[in-house]
Amino acid sequence: MNAVNDPSATPSGPQERLPTLNWRFEFGSYVQTRHFLDQMADLSKREGFYPNVSFGKTYVNISIDAEGQAVLAEYKTRFTGEMEALAAMERT
């Protein structure tokens, strides 16, 4: 049964939004976007850290939620620094 129609469902009330870090990288072509995504996959695999990623033909959005930020703090921004360097290399 759908919780909206379930009279026994406990109302959840407003949900607290956790802080999120967001990046948007724009590229000149799909080839650049795809190459960046492949490099990000390698970086994530190497570091064992997997941010939320969404993308289109010429852009990539990356989000790291509060839980991810705690994990990310262990890297002392190494992951984000490498991610930003990868994007800069693709755009040149």
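- Atoms CZ and OG1, on Phe49 and Thr80 in that order, are 9.0 Å from each other to the nearest 0.5 Å.
- In this structure, Phe79 is a member of the same hydrophobic cluster as Leu21, with clusters built from ILVMFWY side-chain heavy atoms closer than 4.5 Å.
- The closest side-chain heavy-atom distance from Phe55 to Leu37 is below 4.5 Å.
- Put simply, the side chain of Met89 does not reach to within 4.5 Å of the side chain of Phe36, judged on heavy atoms.
- With values rounded to the nearest 0.5 angstrom, Thr33 atom OG1 is found 10.0 Å from Tyr59 atom OH.
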Walk me through it: do Glu26 and Lys57 pass the test salt bridge (Lys or Arg N to Asp or Glu O under 4.0 Å)?
-> CA-CA 9 Å; Glu26 297 195 19; Lys57 183 177 178 181; over 6 Å; no
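- In this structure, the side chains of Ile62 and Met83 come closer than 4.5 Å at one or more pairs of heavy atoms.
- Considering only residues two or more places apart in sequence or on other chains, Arg34 meets the side chain to side chain donor-acceptor pair (under 3.5 Å) condition with Asp38.
- Legend: residues meeting side-chain contact (heavy atoms from CB on, under 4.5 Å) with Asn52, ordered by chain and number and at least two apart, are Ser63, Asp65.
- Applying the side-chain contact (heavy atoms from CB on, under 4.5 Å) criterion to Gln32, with sequence neighbours excluded, gives Phe27, Ser29, Glu90.
- Phe25 and Val53 end up in the same hydrophobic cluster when Ile, Leu, Val, Met, Phe, Trp and Tyr side chains are linked at under 4.5 Å.
- Pro51 places none of its side-chain heavy atoms less than 4.5 Å from the side chain of Trp23.
- The side chain to side chain donor-acceptor pair (under 3.5 Å) check on Asn61 picks up Arg24, with sequence neighbours excluded.
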